[in-house]
Amino acid sequence: MNWLSDLNKIETTFAPILEQWYLIHKRDLPWRHTRDPYRIWLSEVILQQTRVAQGKPYYERFVNTYATIADLANADERELLRLWQGLGYYSRARNLHQTARYVTLQLDGKFPDTYQDLLKMKGIGTYTAAAIASFAFGERVPVVDGNVYRVLARVFGINEDITTTNAKKIFAALAMRLIQSANDPATYNQAIMEFGAIHCTPVAPDCLLCPIQQACVAYLTGRQHQLPVKSKKAPVRERYFSYLVFRQHGKIALRERIARDVWQNLHDFYLLETEDQKEALQGLPLPEEIGNVVQNSVVADSPAESVQLLSHQRIRARFYLIDVPEGLIDSLPTDLHWYTSEEISHLPKPVLITNYLENLFG
DNA sequence: AATGCGGGGAG
DNA sequence: CTCCCAGCATT
């Protein structure tokens with residue numbers, strides 16, 4: 001059958017075509033100049049769900065601060081989180097630290113060097129394991145990330161919803177067949193992601209200059225903009241935060257967030273969350289533990305609302321600056337700690353908090 | 001199989 | 001505004 005031979009042809013020529021395209025069009029990125037598994041791992045974790053432009057300065061700071069995995073293993077976790085601040089998905093930083101310690105202490109500093117062993121590390125899933133295995137060790141295992149889903153869905157006309165388990169199996173199997181024809185697995189893996197990132201882009205793919213245009217099912221059927229199929233995500237949760245910013249002698253009270261919630265292990269102020277919008281301190285249900293203090297303190301702020309948009313929540317926050325009189329400090333909750341502005345600058349904090357403090361301190 | 005987890009840039 | 005980014009862990 002004709003269609004069968006055509007399909008086989010594109011399956012075997014796909015990888016070499018992309019590899020050739022890559023050699024001409026690739027960007028010069030810092031992690032492409034090393035085969036050190038530590039640096040490759042670092043770059044891959046930073047780039048999880050993160051654009052190259054956003055992650056690049058963080059990568060530079062991390063390799064400068066922690067030159068080796070042993071340095072990272074010995075790092076203070078708070079300092080590490082401070083360096084990660086602003087990048088989001090903070091569990092990545094904690095998992096990074098945990099794996100650095102495991103490799104340094106339990107594996108005698110020898111980074112796992114196969115896909116299967118890499119998968120066992122905290123924070124390393126199928127994508128990152130494939131990336132490290134191929135980039136650092138040349139293993140012939142395909143990366144499947146958001147770029148790959150998009151490129152393969154279009155070229156091969158796959159309509160499966162990419163958020164489903166079935167789709168993951170289909171794409172993984174196809175990717176495994178395709179990489180068999182690559183001249184070099186590492187180059188091919190870089191190539192397909194780079195191709196998705198700068199050529200076969202989500203909104204405006206450059207089909208007119210595409211090297212596989214005549215083999216692309218989406219192009220030939222005019223469905224570039226329908227593929228890949230991705231089901232709707234859950235609606236954004238609305239949350240209302242009222243922060244009580246206790247201040248005394250220029251120090252401010254913060255505490256570490258420990259609940260299973262956004263910004264775990266980062267620092268913020270005393271927080272009252274309500275089910276609906278509260279526009280003034282008077283409307284807040286003040287708990288016993290702070291009621292006395294607030295009643296007898298000077299409230300300096302009549303705060304405007306600041307909004308922090310996450311991908312899954314919209315947090316509307318108001319900050320009430322509260323000058324605590326002498327003697328009342330002992331009646332505040334014990335998990336609050338007092339810091340100077342200098343000390344606060346070293347604490348890892350959400351962007352919402354950092355922005356407020358910049359406003360406060362100038 | 002579903003859900004939660006940040007922040008920012010592009011269009 | 002919407003989409004989605006070199007995903008992963010947990011339940």
Side-chain angles (χ1 to χ4, degrees), chain A residues 22 26-27 29-32 40-59 81 84-96 98-99 118-135 142-151 161-169 171-172 175 186 188-198 200-205 225 228-237 239 257 259-266 268 307-315 348-355:
Chain A
Y22 177 71
K26 68 174 177 180
R27 292 168 290 181
L29 299 173
W31 46 85
R32 288 181 174 163
I40 290 170
W41 167 57
L42 195 54
S43 72
E44 293 302 336
V45 173
I46 286 172
L47 292 172
Q48 286 167 7
Q49 293 292 286
T50 304
R51 292 173 187 281
V52 165
Q54 188 187 2
K56 192 170 159 185
Y58 284 85
Y59 173 81
L81 276 169
W84 196 270
Q85 179 174 301
L87 199 52
Y89 289 153
Y90 297 93
S91 65
R92 289 185 291 174
R94 297 195 303 276
N95 289 335
L96 208 57
Q98 186 176 332
T99 291
L118 286 161
L119 264 186
K120 299 170 185 165
M121 301 297 111
K122 255 302 202 269
I124 298 184
T126 53
Y127 164 76
T128 305
I132 300 170
S134 62
F135 300 156
V143 293
V144 183
D145 73 335
N147 292 304
V148 175
Y149 279 121
R150 184 170 56 256
V151 172
D161 180 347
I162 63 170
T163 64
T164 66
T165 303
N166 192 37
K168 294 185 199 324
K169 283 194 285 189
F171 282 91
Y188 165 69
N189 277 338
Q190 293 276 11
I192 189 169
M193 290 193 289
E194 188 79 339
F195 185 70
I198 67 180
C200 192
T201 51
V203 175
H225 303 292
V229 175
K230 191 172 186 178
S231 59
K232 295 269 187 199
K233 57 182 191 308
V236 173
R237 175 156 72 121
R239 300 177 75 176
R257 295 176 61 86
R260 303 174 72 86
D261 194 356
V262 291
W263 306 323
Q264 192 177 10
N265 298 93
L266 275 59
D268 64 358
V307 180
Q308 176 68 46
L309 198 58
L310 314 182
S311 52
H312 48 299
Q313 301 182 15
R314 177 174 17 246
I315 295 172
K349 304 168 289 295
V351 164
L352 175 68
I353 302 300
T354 303
N355 288 345

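On a predicted model such as this, the values are computed, not experimentally measured, just so you know. Residue numbers begin at 1 in each chain, while the letters A, B, ... track the order of the sequences.
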Between [atom2] on [N] and [atom1] on [X], what's the gap in Å once rounded to a whole number?
| X | N | atom1 | atom2 | result |
| --- | --- | --- | --- | --- |
| A:Gln98 | C:dA9 | CD | C1' | 11 Å |
| A:Arg92 | B:dG6 | CZ | P | 9 Å |
| A:Gln85 | B:dG8 | CD | P | 11 Å |
| A:Ile162 | C:dG7 | CD1 | P | 11 Å |
| A:Lys168 | B:dA2 | NZ | P | 11 Å |
| A:Asp261 | C:dT11 | CG | C1' | 17 Å |
| A:Gln48 | C:dC5 | CD | P | 14 Å |
| A:Trp84 | B:dG6 | CH2 | P | 12 Å |

Closest nucleotide among [options] to the [X] side chain:
| X | options | answer |
| --- | --- | --- |
| A:Pro350 | C:dC8, B:dC5, B:dG7 | B:dG7 |
| A:Arg260 | B:dG7, C:dT10, B:dG6 | C:dT10 |
| A:Asn147 | C:dG7, C:dA6, C:dT10 | C:dA6 |
| A:Val203 | B:dG6, B:dG11, C:dA6 | B:dG11 |
| A:Lys230 | C:dC4, C:dA6, B:dG8 | C:dC4 |
| A:Val262 | B:dC5, C:dT10, C:dA6 | B:dC5 |
| A:Lys122 | C:dG7, C:dT10, B:dG7 | C:dT10 |

(request) Between A:Thr164 and A:Leu310, name the one whose nearest nucleotide on DNA chain B is closer to the 5' end. (result) A:Thr164
(message) For A:Arg239 and A:Thr165, find the nucleotide of DNA chain B closest to each by heavy atoms; which residue's nucleotide sits nearer the 5' end?
(response)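 In this pair, the answer is A:Thr165.
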Calculate, to the nearest 0.5 Å, the distance between atoms [atom1] and [atom2] belonging to [X] and [Y] respectively.
| X | Y | atom1 | atom2 | value |
| --- | --- | --- | --- | --- |
| A:Arg150 | A:Asp145 | CZ | CG | 8.0 Å |
| A:Tyr127 | A:Leu47 | OH | CG | 7.0 Å |
| A:Lys168 | A:Ile162 | NZ | CD1 | 7.5 Å |
| A:Leu81 | A:Leu96 | CG | CG | 10.5 Å |

I'd like the [atom1] distance from [M] over to [N], given in whole Å.
| N | M | atom1 | result |
| --- | --- | --- | --- |
| C:dA6 | B:dG11 | P | 13 Å |
| B:dC5 | C:dC4 | C1' | 15 Å |
| C:dT11 | B:dG6 | P | 16 Å |

Give a yes/no answer on whether the side chain of [X] brings an N or O atom under 4.0 Å of OP1 or OP2 in [N].
| X | N | result |
| --- | --- | --- |
| A:Gln49 | C:dC5 | no |
| A:Tyr90 | B:dG7 | yes |
| A:His312 | B:dC5 | yes |
| A:Trp263 | B:dG7 | yes |

(request) Could you check A:Leu29 against A:Leu119 and say which one's nearest nucleotide on DNA chain C is further toward the 5' end? (result) A:Leu29
(message) With nearest nucleotide decided by heavy atoms, which residue, A:Arg51 or A:Asn95, maps closer to the 5′ end of DNA chain C?
(response)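 By nearest-heavy-atom nucleotide position, the 5'-most residue is A:Arg51.
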(request) Would you please say whether a donor-acceptor pair under 3.5 Å links the side chains of A:Gln48 and A:Thr128? (result)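 The answer is yes; a qualifying pair exists.
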Has the side chain of [X] got a donor or acceptor that lies under 3.5 Å from a partner of the other kind on the base of [N]?
| X | N | answer |
| --- | --- | --- |
| A:Thr50 | C:dG7 | no |
| A:Thr128 | C:dG7 | no |
| A:Tyr89 | B:dG6 | yes |
| A:Arg32 | C:dA6 | yes |

For [X], report the nucleic acid contact type (base, sugar-phosphate, nothing); a contact means any heavy atom under 4.0 Å.
| X | result |
| --- | --- |
| A:Gln313 | sugar-phosphate |
| A:Trp41 | nothing |
| A:Leu87 | base |
| A:Gly88 | base |

Given side chains that start at C-beta, do those of [X] and [Y] come closer than 4.5 Å, heavy atoms only?
| X | Y | result |
| --- | --- | --- |
| A:Ile315 | A:Leu310 | yes |
| A:Tyr90 | A:Trp263 | yes |
| A:Leu29 | A:Gln190 | no |

